[in-house]
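Step one of this worksheet: look at the structure below.
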Amino acid sequence: MNRIPVQEVRRSLQIRILRHNPHDPASKPCLQTFELEEAESMTLFIALNEIRQTMDPSLQFDFVCRAGICGSCGMIINGRPGLACRTLTRNLPECITLAPLPGFELIGDLSVNTGKWMRGMSERLETWVHQRDLDRADIDQLEERMEPDLAERIYELERCIECGCCIAACGTARMREDFVGAVGLNQIMRFRLDPRDERSDADFYALVGDESGVFGCMTLLGCEDYCPKDLPLAAQIAFLRRRMVATGA
Amino acid sequence: MEIIYTDVLVIGGGLAGQRAAIGAKRRGHETIVLSLVPAKRSHSAAAQGGMQASLGNCLGASGDNEDIHFADTVRGSDWGADQHVVRMFTHTAPKAIRELAAWGVPWNRVQRGEHEITVDGQKRTIAESDAAHGLITSRNFGGTGKWRACYVSDGTGHAMLYTMSNQAIAAGIPVHERMEALALIHDGGRCCGAIVRNLQSGKLLAYVARATCIATGGYGRIYRVSTNAVINEGMGAAIALETGIASLGNMEAIQFHPTAIVPAGILVTEGCRGDGGLLLDAAGHRFMPDYEPQKMELASRDVVSRRMEEHIAAGHGVQGRFGEHLWLDIRLLGKAHIERNLREVKEICHYFLGIDPVRDLIPVRPAQHYSMGGIRTDHRGQSPQLRGLFAAGESACWDIHGFNRLGGNSVAETVVAGMIVGDSIADFCDSPEGELQVSTALVEEFGQRERQRLAGIGSGNGGESAFELTRLMQDTMTGNVGIFRHGDRLREAVDTLQELQCRAANITLRSSAPGANPELVAAYRLQRMLKLAQCTAYGALQRTESRGAHYRADYPRRNDGEWLRRTLATWPAPEATLPSLDYEALDIMTMELPPGWRGYGDKDHIAHPDTERRKHQISAALAPLGDSADRYTRQQALMPFEHLLPPHLRRRNQRLGDES
Amino acid sequence: MPKTLSALSARMDLLQSLSGLLLVLFIWAHMFFESSILLGEDAMYAVSRMFEGEPLFGKPYPLLVSAAGIAVFLLVAVHAVLALRKFPGSSRQYQLLNRHLGVIRHEDTTLWYVQVITGFCLFFLIPAHLYTVITQPENIGPYASADRVWSERFWIVYALLLLTVHVHAAIGVYRLVMKWYAPTGVQAGRTRARLKRGMWCILAFFILLGTASLLTYMRIGYQHADSAGERYRPASAPVGAR
Ligand SMILES: Cc1cc2nc3c(=O)[nH]c(=O)nc-3n(C[C@H](O)[C@H](O)[C@H](O)COP(=O)(O)OP(=O)(O)OC[C@H]3O[C@@H](n4cnc5c(N)ncnc54)[C@H](O)[C@@H]3O)c2cc1C
Ligand code: HEM
Ligand code: SF4
Ligand code: SF4
Ligand code: FES
């Protein structure tokens, strides 16, 4: 291979990680700094794995798809919630501080139990199509038609990956543990838009028409600003608020 | 040890596992799903491009039906597939997609009127009919005769998995997240559950079940460069293998996807090419038509990947900072199309490459993508060797993919298999066979064995590092068991893997942190992955022909005479370093579509003597029917399959224009 | 049928916003009237007479001002009670919130926090101001007000009030829009940025206007300090003649 070696100055990164292992009674939360030479196209996924493989094998974190698709790797990166797997170190300063997403049960170090929280949210808001006799749907016949544009609008809201960044970014969710957050309100909007779901606004009001639902949201917009999928959360919450006021008041 | 009893234990919370669980639960059986990660984070979510089902709604799909889907799939598999199962699959796929449509997946729909599309590098205008407006639309994919990949923008798997998971939640099926099955409990002939490790606390527990279904996905992570998620380590297949009884089919059949971005190995969907994207070389030349004048960029994946590597080897690759690559060009599709139908692709390019595919070329090179092989099952999804053990999805070798899977056939398989296998699990539980008497002693014995294994890893002081050995295994597989294979290199790989297996017994842990301990996890998974890698390498070494994705440079022709057989691997003893291989012949005399040329790729192959006989038999069977017989009758005359399906899935699929 | 929730939450949320909006409209209008002093003592005199109902009844009734003051006070009270629900309710919540603010870098959250703090200040400042308005409605006029500002040292209250109320109001309006009509579509981000720029412009405008009037009152009050207590007599008798 006739590659001309590029002389490049490699940065040395200081990665500070908020560490704590709740399964170890002796463990106390503390910041630990790791030094690492930056590589070309290095993501936090690569950096953290390198730390685990060469420096501290007990370091805990979650990655699954490492492609920004599955929502496993949300963490606080220099004060901002985001997906670690798709964060390139070259876009960060030399000193990088990583902390687990607040608002979720800590499993260890950077790993938090977003799955449990999200399942609870789904059960509480019943985030599925409600239709009578759904299990007896005729699947031999042509499918029900849907306007192409409507299908796309549903998908727009369906793109949420339940990463939890909006919960971590939300002052309301921090103060009220029962707040369903932007992720929950968005899902309500997704099913509200879906003609296959037979629930009415009154049904939705029963789910989110209080302070743990849409009226708890104080429009802090952390969700909108840090959602890695750029979902139109503020607009959806505003719309839902109007609908719920019209229904409830 | 804590023991949890249930009727059905499903190991794996991806599309296949959850659909099977819903099926079993609906028939009234208590069902628990285990998953390494929250179910919605399973790798099914990463499927982008589409799901194949012959709905035939949009213009590009008109005239499509099960027959064409069947033929495409069998040709794609290079005749390695089980044709009865392919028939069951293609017949059920339209039902699967319609069920998902009713459950809430926002499939993209046909829009009446004129559209601009890109075909063969040219813009063309087509008009969709009023009659099809609002029905599910589909896009073009590699190796298919029709536009058959139904899609939700390029987040198809995500939308499907979320809908599926939500339905599972609605059905009240508990998912025990962050749980890893470490071993199957069995008495030599009957599977009775699994020993499971809690990945938060590190505790072991036992799940005892009347039926156990493995749906743990692929094992791509035995390779260094793979599009797979980091959890795709094949643990389901590995624990089945470790029973010493259940067999794994066609483990050497590994698919390499043409367009993974360089260097991250993240996939950009086949939909890019399906929608009209092109492959270019260093000179900006579109080279695929030179090799494959018929299907060009849209030949099957094995063929395109091979041609790309061939082209790079011929000196036409782009010299990049991370080695050589080629270009994927989707600029010609236009900004509007990319932002609507290929938005994940755009996001991936933006975040991982810092480029905008609307204006820039995407650097790509083939990477490991899919495991055709897996736990061998019969057409009902049950292991032929171990009763009470079922498998579905990518972890299974139900065998619709043979030696090469078509894009979009995998997520379709997961759901279809989930529907069928879920039902046969319920049948099994309802039958006298489903009764389970298991002694706690047996359960304790298996628990004790796993506990000792874990303790053994913890106390080893041979000085080996689990992370280091994993890297060596992955390098060996990517280097020696890749797209182009050769006897010498394969032999080398087998030797290296045997050596690594010995070294893996001497791993020393540096950390003894309480809880999950990620280093311990890496260590015990490595031991199991090495066995899968060995099945792959050793199977590839023995198979002295080229078929589908398995290409032997030293045996470049497909050899139906000797190798129209499925490899079955079992692990003879815990301390063995090689699998024992067995072969299961595919009977041409029962095939609906006897072996021939695929329509792309090499024409040259060594025929089986039965092929001609079967062709004559087929002509003879069809002749009396005359031209007036409909396609169902003709198919029925060649290879009846409906009786293999659960009764409620046997009815015909209605299509646009059919009387209902 | 799912459990039913009361309509109270919806009503309170709406009322909180409506009361805030009314107060903002009031305070902005109030600014224009108050700053009539910039056009001269006569203009301000005319405006204050107008609010005492002179054009309508032929003679001023200061009680009308008291009534208006009480109305505003009630509105403020309603608004404050509703908005205070959003204050951290316990020390634990307060700690959580503080930690959140410490960890997360986020502009809009900071803006909200500024509103909470200014709201808290207003809780004390507004009653102080309204108390004088309600109890001494007749003491509003070019000299009376100026004397209060200067000789009675009310400028300190007013300066603080000016700053807090406008910061609170401008942010409040921006947040009201986002709360009920957040922009959608591809342009959403840009529209929001424009809204925010609009918010800063309005804030700057009212702070400047308010500062200018306050300085004017202070100047008049300073010049008039020797005869503090004396009432203003307009140059020309008929109201609004200039
Ligand atoms: C990037 C990418 C794109 C793809 N795009 C397409 C496409 O467009 N069309 C298409 O048809 N196919 C596509 N595929 C293939 C397809 O996505 C997969 O084959 C399919 O989703 C596999 O589904 P599954 O249910 O079998 O397994 P998965 O979805 O992989 O689920 C496996 C489950 O098993 C669990 N598990 C694993 N091991 C254990 C254990 N030991 N104990 C407990 N639980 C365990 C995991 O937690 C997970 O829940 C794509 C694949 C990739 C990698
Ligand atoms: C005692 C006086 C006041 C207090 C304690 C107070 C407190 C608050 C608080 C805490 C909020 C934030 C509530 C939330 O975000 O949900 C708020 C919002 C608001 N305030 Fe005030 N405020 C006072 C007076 C005023 C005045 C005088 C005005 C008008 C100029 C005003 C206009 C607003 C507006 C428009 C909002 C936004 C409303 C909403 O979010 O629904 N407030 N106030
Ligand atoms: S709404 Fe956005 S930030 Fe919140 S969970 Fe979904 S994807 Fe993540
Ligand atoms: S707008 Fe603010 S309060 Fe409402 S959900 Fe988003 S972050 Fe939370
Ligand atoms: S690992 Fe899946 S989003 Fe980061």
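Please read these numbers as outputs of a predicted model, since none were measured by experiment.
- Neither the backbone nor the side chain of C/R99 comes within contact range of chain A; no heavy atoms are under 4.5 Å apart.
- Within the 4.5 angstrom heavy-atom criterion, no atom of A/Q236 approaches chain C.
- Heavy-atom neighbours of A/R90 CZ from other residues, nucleotides or ligands within 6.0 Å: above the threshold of 12.
- Between the OG1 atom in C/T109 and the CE atom in A/M218 there is a gap of 9.0 Å [rounded to 0.5 Å].
- Of the options A/V214, A/D210, A/V208, a side-chain contact (heavy atoms from CB on, under 4.5 Å) to C/S9 is made by A/D210 and by none of the others.
- Side-chain atoms of A/R242 and C/Y181, non-hydrogen and from C-beta on, do get closer than 4.5 Å to each other.
- If you measure heavy-atom distances from C/I104 to chain A, the contacts under 4.5 Å come from both the backbone and the side chain.
- A 6.0 Å sphere centred on CH2 of C/W28 holds more than 12 heavy atoms belonging to other residues, nucleotides or ligands.
- Atom CZ of C/F73 is surrounded by 12 or fewer heavy atoms from other residues, nucleotides or ligands within 6.0 Å.
- Interface residue A/A169: only backbone heavy atoms are found under 4.5 Å from chain C.
- Distance check: C/Q16 CD to A/F215 CZ gives 11.5 Å after rounding to the nearest 0.5 Å.
- Heavy atoms of A/A99 lying under 4.5 Å from chain C are absent altogether.
- Closest of all the heavy-atom pairs between C/P183 and A/A235 is O-CB, 3.5 Å.
- Interatomic distance, A/E211 CD to C/L8 CG, rounded to the nearest 0.5 Å: 8.5 Å.
- Ionic pairing of C/R105 and A/D225 is not present here: no N-O contact between side-chain nitrogen and carboxylate oxygen is shorter than 4.0 angstrom.
- Taking both residues in full, the closest heavy atoms of A/L220 and C/H106 are given as O-CE1, 3.0 Å, listed atom of the first, atom of the second, then distance.
- The distance from atom CG of C/L14 to atom CZ of A/R241, rounded to the nearest 0.5 Å, is 10.0 Å.
- Heavy atoms only, all atoms of each residue included: C/R175 and A/T219 are closest at NE-O, 3.7 Å.
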- Query: Can C/L97 and A/R174 be said to form a side-chain contact (heavy atoms from CB on, under 4.5 Å), step by step?
  - Reply: CA-CA 6 Å; C/L97 178 68; A/R174 197 59 348 84; 5.8 Å; no
- Task: Kindly indicate, with the supporting measurements, whether the criterion side-chain contact (heavy atoms from CB on, under 4.5 Å) is fulfilled by A/M175 and C/H100.
- Result: CA-CA 9 Å; A/M175 287 194 293; C/H100 178 67; over 6 Å; no
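- Across C/S90, C/A10, C/G185, the residue that shares the most heavy-atom pairs under 4.5 angstrom with chain A is C/A10.
- The side-chain heavy atoms of C/R192 and A/L221, taken from C-beta on, include a pair separated by under 4.5 Å.
- Looking only at side-chain heavy atoms (C-beta outward), C/W180 and A/V245 come within less than 4.5 Å of each other.
- With a 6.0 Å radius and a threshold of 12 heavy atoms from other residues, nucleotides or ligands, C/K196 has its NZ atom above the threshold.
- In this structure, chain C has a heavy atom under 4.5 Å from the side chain of A/E224, while its backbone stays farther away.
- A/D230 does not touch chain C: none of its heavy atoms, backbone or side chain, sits under 4.5 Å away.
- Options C/R85, C/M12, C/Q93, C/Q95 differ in how many heavy-atom pairs under 4.5 Å they form with chain A, and the most are formed by C/Q93.
- Considering every non-hydrogen atom in both C/A182 and A/A238, the closest pair reads N-CB, 3.7 Å.
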